[in-house]
Amino acid sequence: MDAATRERFEEFYAVVRRIPRGQVATYGQVAELAGYPGRARQVGRALGLLPPGSDVPWFRILNAAGVISLPRGDGFERQRDALRAEGIDVTDEGRVRLRHIRFLPGSE
DNA sequence: GCGGTGACGGTCG
DNA sequence: CCGACCGCCACCG
């Protein structure tokens, strides 16, 4: 991984850290806010590299449909539990009401 | 270097 | 609501 990529991933993390408790954002939104529109895929890649116990709230990131994108399994359940732990309604399928809890810059 | 893969997403039908 | 297509890009075999 080159320096430019690491730098970009750090910028993604910085955006994710700004998302308030109880709110969520989409991969594409994080990429856009970081200044890299169209690179939603790399946001997922970056979040996947986070070590356990990171201060980056990776679990507040969902896909554009408002659904957890992690494949079913331990990771999927950890994210679902983390969201519920902060009062967010999440269906067993991992869907939230995006329109109601989406992070909107400026409404912080 | 090439092709496939995947924590993605907008557009169309 | 769903699937197909295409654009995106780091990583892997």
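Computed from heavy atoms alone, side chains included, the values below leave out hydrogens, waters and symmetry copies. So you know, we letter chains A, B, ... as the sequences are listed, proteins then strands, and number each from 1.
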Within the structure provided, determine whether [X] and [Y] are in side-chain contact (heavy-atom separation under 4.5 Å).
{"X": "A/Leu62", "Y": "A/Ile68", "result": "yes"}
{"X": "A/Leu104", "Y": "A/Gln23", "result": "no"}
{"X": "A/Ile101", "Y": "A/Asp89", "result": "no"}

Over all heavy atoms of both residues, which pair between [X] and [Y] is shortest? Give the atoms and the distance, please.
{"X": "A/Asn63", "Y": "A/Ser69", "value": "ND2-OG, 3.0 Å"}
{"X": "A/Arg102", "Y": "A/Thr26", "value": "NH1-CG2, 3.6 Å"}
{"X": "A/Phe59", "Y": "A/Leu83", "value": "O-CD2, 3.2 Å"}

Polar side-chain atom of [X] near backbone of [Y] as donor-acceptor pair, under 3.5 Å:
{"X": "A/Arg80", "Y": "A/Val90", "answer": "no"}
{"X": "A/Gln29", "Y": "A/Phe103", "answer": "yes"}
{"X": "A/Arg95", "Y": "A/Ala65", "answer": "yes"}

Q | Joint cluster assignment, A/Trp58 & A/Val67, ILVMFWY side-chain distance < 4.5 Å | A | no

Rounding to a whole Å, what distance do you find between [X]:[atom1] and [N]:[atom2]?
{"X": "A/Phe12", "N": "B/dA7", "atom1": "CZ", "atom2": "P", "result": "16 Å"}
{"X": "A/Ile61", "N": "B/dA7", "atom1": "CD1", "atom2": "C1'", "result": "10 Å"}
{"X": "A/Leu33", "N": "B/dC8", "atom1": "CG", "atom2": "C1'", "result": "15 Å"}

Report, one pair per line, the protein and nucleotides 10-13 of chain B atoms (nitrogen or oxygen only) whose separation is under 3.5 Å.
none

What donor-acceptor contacts under 3.5 angstrom involve side-chain atoms of residues 30-57 of chain A, with partners at least two apart or in another chain?
{"residue": "A/Tyr36", "atom": "OH", "partner": "A/Glu11", "partner atom": "OE2", "Å": "2.9"}
{"residue": "A/Ser54", "atom": "OG", "partner": "A/Val56", "partner atom": "N", "Å": "3.0"}
{"residue": "A/Asp55", "atom": "OD1", "partner": "A/Arg17", "partner atom": "NH1", "Å": "3.1"}
{"residue": "A/Asp55", "atom": "OD2", "partner": "A/Arg17", "partner atom": "NH1", "Å": "3.0"}

Q) A/Asp74: what forms a side-chain hydrogen bond (donor to acceptor under 3.5 Å, both in side chains) with it, not counting sequence neighbours? A) none

(Q) For Watson-Crick and G-U wobble pairs within 3.5 Å on both distances, what is DNA chain B written in dot-bracket notation, | included for inter-strand pairing? (A) .|||||.||||||

Q. Would one find more than 12 heavy atoms of other residues, nucleotides or ligands at under 6.0 Å from atom CZ of A/Arg84?
A.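 More than 12 heavy atoms, drawn from other residues, nucleotides or ligands, come within 6.0 Å of this atom.
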
Q | Neighbours of DNA chain C within residues 75-94 of chain A, by heavy-atom distance under 4.0 Å | A | none

Q: Going 5' to 3' through nucleotides 7-13 of chain C, assign each nucleotide B (protein heavy atom under 4.0 Å from a base atom), S (under 4.0 Å only from sugar-phosphate atoms) or - (no protein heavy atom that close).
A: BBBSS--

